[in-house]
Every structure is written in structure tokens, then in C-alpha cells.
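In the text below, chain A, chain B and the rest are named by the order of the sequence lines, each starting its count at 1.
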Amino acid sequence: MITSVLIALLRTALDNAHSADELPLIGDDIAIQIETPRNKQFGDYSSNIALTLKKATGISDSRDLAQRIVRHFPENAHVTRLEIAGRGFLNFYLKPTWLHDAMLTIEAQDSAYGTNSTLNGETILIEFVSANPTGPISVVNGRAAVLGDVLASLLKSQGAKVSREYYINDALNSLQLEKFSASVAVRYSQYLGHPVVVPPADEDSEEVIEAGIPETIAEKPSIHFPKDGYRGEYVKDIARDIYAEVGDRLESATEEERTAYFRTATLEHTIASQRGALGAFGVEFDTWFYESSLYAENSVEKSIERLKAQGHAYEKEGALWLKSSDFGDEKDRVLVRSNEKATYVAADIAYHVNKFERGNTKLINIWGADHHGYVARLKAGVAAAGYDPKNLDIILTQMVSLVRDGEAVIGGKRKGNVIELKEDLVDDIGRDAARFYFLLNSYETPATVDVELAKRQSNDNPVYYVQYAHARLVNILRRAEEQGFTLQPAERVERDRLIDPAELDVLRKLTDYPAELTSAAKEYAPHRLTRYAMEMASLLNGFYENCRVLPSKDEPTPPELTQARLALVNAARIVLRNLLVVLGITPVEKM
RNA sequence: GCGCCUGUAGCUCAGCGGAUAGAGCGCUUGCCUCCGGAGCAAGAGGGCGCUGGUUCGAUCCCAGCCAGGCGCACCA
């Protein structure tokens, strides 16, 4: 990396100045920072070292300080000019050689360009989405879905082993599942021809009687829809699917048989549809983990017993409490209720112990901000169970509020107005546009999504700008071949012909890629990459405008220059493609 | 009351303690015999919620206040 070269040169300059008695000794504890200036006029790189050294040296005139450093800056192969600017910034202007040489690295590493091995040895489990199995994946889930998915790719790019997991809250004591499957059961009966009496949803509405499907000819007794049942259309869809599978076989089943059947079938269908919706969004999970499996293997019980044995739990008021206040939580929490049922957190502790026991060294959970109050509790539980809570990172994505044409949409599965990720967004604007849309901003910002606006603007989605830039690169290479050019390795090309600012801008951007990838991974900030992608696309468009690659009537580019530019085009193609792959966006070759 | 997140251009949002605060959309103007116009060039538009503080330097860090969101269960 060129920045480490510059840091070393600056270090030498400081030492030289000290030897010449112009500066006091500057220890290694003072970090030298190199940054890329926002504005190109301030050089390729700059350093604020003279400003930061004011206190340590006792020299209050930072320009004077800067001069002392510059005076002792060693001769070297990279820096053509070193200027003092503003209050004492050192601006480095570099020979383009280092940029040209970047093409060699990019070509050699190809699809591995940008990756590194700093996280080798880490096994990371990212659990995300984990929506309740009582309905479809909503648009709101899109944010966590794409965040987790890209984060997994990012961490892989840094050398970690990563898996994606979805947790299914299907515990047997889950009331919501009973209500949900009961709702499906009623709708199923509707498909058998029973009219359904739907109670008023709220004070302002009235009871509705819906006819059976098909409309009954013979009189069939009507069935009452549960008062707090799930009213969404998707409930009918599941019922219809089940009806298609089993016909009227359940008509004569006993109440117990029906309940048991619908519980299982409803869960299966819901999960299948969730998996399908996420798949359409480009998100695939390595494991779908059933909460019920923890109970089936007695893991919850065992985990509670262990906490008790280790003295982290106690009985009070008929319940079993976790001494979570010993582990950073603000108060103790109930593990087993006085009715002897385990709480959600008890199961969750067992689940996270299970994650660690599977050999994961680091756990990342992505939750909605509404679960914030739960973080300290789970971390305390994990700590009590003997694991370091530092190895459990909980990312809280801020809420996504839905707006339709400027009007707030109050979502809710019970009420039935779920805006679905797949049906209402992905199917309309496509996977790439939908992903890019969510990846555009930080998960820490509460976001507003206007589905109608998102659809209307889909053609203006920046994703097309980026994909377009990639397609053009591919197209130039294809056209070159048609015109009889053979792509030469960057090594055999006259690289020093690439001196146009537009060319150097592109090259500079390409050299930033590994650092961008690393910082996006480190800070869990995929949105930086979408911004970076747009900037790169913009620079590429500038390059197309200013630098004709293939010879034409008006611009008879000499063959040597064409070859050099083709190598540049190819390098850019590699980087842009790698970037799009990490983001899970299709690197299209034609649009 | 306590905790977390947020407040930057008309809208949606970037901004990694630094030099003239950015992008996309929208708006205005110009550019299609030429590798893809889903493009390019130029312009109008904000001084970063408010007040203090730390710092050579604050949109960024700290404190207080104002505003919005989300939490503070023997629900999941």
C-alpha cells in the first residue's frame, strides 16, 4: 500500500529533522495519518502531521513545523511534489507509476482482488430476519435481510468463515402460532363451502359474513372466525394451498387432529413462503433453526439447570429468576414462570449457547430497534452461561416506516395489511433495484420507504447507473475483440501512456477498493460500498467521455494507447464486478 | 422518569476530527453523423435542531436543552 510507504517516509523525515536538531524526538506512539483529500487540488494524499505535532514539539507555527519536516523529507521514487498548504497540511503529489502498477495487482488477483485474510480463524454466525412464522416477509424486513446478507459476504471477504441463519420462533408455548393456524383452519373450511362469520375488526366496523368458496349450494353450517385471528389475505392463500393438497379430507377429522394438522401445515407453508420471498430478494440462509428443536432436545431445560447449578438462578415468588443483574442487566429476569413454562429469554440463552457450541467464535444478531430493551438481558444470559458477551454483537437496525404516496401505512399482521417484500416490491422493481435501495443508507438511520415512490423511481435507481457502467466496460472489451484487438496483460502494455486525469481518477478509485471493503466490513456498513460504487460509475462515465478507447474517425487513438486503455478497462471491469458480487447485485453485461 | 437511535439541500439520505459540507431524485440550461444518451457538462438551492465546552481545527467528540422514533413484562 502506498499509504504505508508515505508513512514510513514521513517517519524518516521526522527522524532526520531530529538528528539535525530541528525537531524534538517524535516517538512511535504518535500515529502518522495519511488521508485522501476531498479535493484533488490538494494532492493525491495529504497528512496533517504538522498540525497534530504542535503540542508535542512546542512549535506553535504549524507552517514552520511543516517546513522542518519537508526539508528533511527523504528522496524517493514515488513523490514528485510535496507542498505545504493551508494551516500546515502536507500535500503529496505522486508519480502515476504506482497507479499504473495497481493494474498488475488487480489482474493477478482477479476475483480475489480486495479480499484479505485478517479474519482467518474466525467462524461467524449471522442470524437475521427471523420474522415470526405468522405471515409473509414484509418490506420492513428487507433492510435486515440485505444487511445481513451483504455483511456475511463482507466478512467472508476478510477471511472469516461465515454462515447465515434464520431462527424460527415456533415454540410449543407460542400463542400466536395457535391463533394463526386456527385462522388458517377456518379459512380452509371456507374452501369446503362453509360461510365464515368475521367479527368486527374494531369499534367502527361491523360483523361480516363471507360466503363459502365455492359458494354453498347445500346449506353448510357457518363458522366463526376467531376474534383476534389473523385477517390478512395471505391466510386465505395458505388455506387454499392446503385445500389443494388435501381436499376435503380434514372435513371429518376430529378437533384434535385438525388442530395438530393445521399447526404443522401452517408452519410449513409459512416458512416455505418466507424462504421463497427471501430467495427472490437474493437472500439464502445456510440454516433454518427451529426454536422447537431446542425443546425437543431438552436444551432449554439443560441450560436452565446449568445456570442453576452455577448459582446464577434463584427461586422467588414461585418463579425461577436469572441473576442477570450480576452480568450488567439492570434487573433480574424470569427464566421459568410460576406456571412452569420457560420464558423466551430462557430459550434464547439456550439457543445462543447452542450457537457457540456449534463452533462459532463470533455471533452477530441483527434485530429491529424495538428489541433494544432485550439486548442487555440476552448478553447477561450468555455471560452467565459462561460465554464472553463480547463475542455476541447485536446490530439494531432502526425502524423502517412505510409510507404510501406520502401517507403513513400502519402495518400489522393481525390487521392483515402487510406490505410484502416480494409481492409489493421485488416483483415490481426487481431484486437488484430493491437490494440497492435498502443498501443506500446506514442501518442506524430510521428510514422511510415509500413503496409507490420506490416503484416510480425504479428507472432512476442508482443501481442502473452502476450496472450500466459495468455493461459498458464489458461492451468495450467485446467491441475491441470484434475490431481485432487482443486484450494484452497489463504488464505488456505501455502503461505510462495513461496520463489523462480521467484515467488516473479511475485508477485511484480502483486502488481504494480493498480499504473500502475492509472498512465496510469492520464497521458493518455495507452502505459505504453502494456510495463507492456510484462514485466509481461516475468516474467511469467521465473516462468514457474523455478517453476514447477504440480508434474512430474523429479520434484516431494509436494502437499502443488503445491497448493500455483496454488493460485499464479490464481492471475496472474486475473491480466493479467484484464489488457488485459482494453486494449481491447482478453484474449485468447487457442492459 | 430512564435507556438506545435520529435531527445535514424541496424529498430520500452520505459525510471515516481537518482545507470551499456531498450524492440521488426533483428544478433550470446546454450536448445525440463518434466504443451503449439508463450518459455528459453547467447552474439554482443548505451552512449541518439550539446553547455551551474540548481541540491548532467540530456536521463529527462531551454536556445541557428542543423535536421525532423505538424500548423499559412471569409477551415473543
Side-chain angles (χ1 to χ4, degrees), chain A residues 33 35 37-39 41-42 46 48 50-55 60-62 85-89 91 132 169 171 173-177 291 316-321 330-331 333-339 341-345 347-348 368-376 396-399 401 406 437 440-450 453-454 456-457 459-465 467-469 471-480 482-483 519 522-523 525 527-528 530-531 534-535 537-538 541-542 544-555 557 562 565 569 590-591:
Chain A
Q33 297 169 41
E35 55 194 34
R38 216 196 303 266
N39 194 326
Q41 78 183 74
F42 298 126
S46 74
N48 57 4
L51 297 165
T52 55
L53 245 38
K54 271 170 101 164
K55 192 163 259 177
S60 59
D61 181 350
S62 47
R87 275 162 276 175
F89 287 98
N91 295 340
N132 281 332
N169 295 291
N173 57 4
S174 157
L175 246 110
Q176 53 175 7
L177 267 185
E291 181 185 1
K316 192 181 95 183
E317 295 160 4
L320 183 73
W321 296 70
E330 56 188 15
K331 55 182 175 189
R333 308 289 176 174
V334 171
L335 286 173
V336 182
R337 288 176 275 229
S338 42
N339 67 6
K341 282 186 175 177
T343 56
Y344 187 80
V345 72
D348 229 9
D370 53 344
H371 288 68
H372 157 252
Y374 192 74
V375 173
L396 296 174
T397 66
Q398 290 304 307
M399 306 313 281
S401 53
Y437 186 86
L440 234 22
N441 46 307
S442 153
Y443 67 83
E444 285 179 299
T445 312
T448 313
V449 173
D450 190 324
L453 197 66
R456 232 175 285 142
Q457 290 188 342
N459 263 344
D460 299 315
N461 189 310
V463 74
Y464 297 109
Y465 185 72
Q467 289 181 313
Y468 181 67
R472 284 178 92 173
L473 290 168
V474 171
N475 193 248
I476 290 177
L477 293 171
R478 189 164 49 220
R479 292 298 293 268
E482 282 167 18
Q483 293 185 22
S519 77
K522 228 178 240 168
E523 290 163 46
H527 74 278
R528 288 199 178 183
T530 52
R531 306 271 161 181
M534 287 161 72
E535 288 161 14
S538 170
N541 280 321
Y544 299 137
E545 291 296 315
N546 295 300
C547 305
R548 176 94 204 164
V549 177
L550 302 174
S552 73
K553 263 179 277 167
D554 301 346
E555 285 180 74
T557 311
T562 291
R565 284 181 173 166
V569 164
K590 268 185 189 160
M591 294 183 69

Using the [atom1] atom as the point on both nucleotides, what is the distance between [M] and [N], in whole Å?
| N | M | atom1 | answer |
| --- | --- | --- | --- |
| B:U59 | B:C50 | C1' | 14 Å |
| B:A14 | B:G30 | P | 35 Å |
| B:G10 | B:G45 | P | 11 Å |
| B:C16 | B:G22 | C1' | 15 Å |
| B:C61 | B:G15 | C1' | 16 Å |
| B:G47 | B:C32 | P | 38 Å |
| B:G64 | B:C60 | P | 16 Å |

Once you apply a heavy-atom cut-off of 4.0 Å, does [X] come out as touching a base, just sugar-phosphate, or nothing?
| X | value |
| --- | --- |
| A:E482 | nothing |
| A:N546 | nothing |
| A:E330 | sugar-phosphate |
| A:T52 | base |
| A:A369 | sugar-phosphate |
| A:A85 | base |

### Message
Working to the nearest 0.5 angstrom, can you tell me the gap between A:R478 CZ and A:E482 CD?
### Response
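One finds 7.5 Å between CZ of A:R478 and CD of A:E482.
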### Integer-rounded Å distance: B:G24 P and A:Y465 OH
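Taking atom P of B:G24 as the reference, OH of A:Y465 is at 7 Å.
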### Query
For RNA chain B, whose closest nucleotide is more 5', that of A:N459 or that of A:R333?
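The answer here is A:N459.
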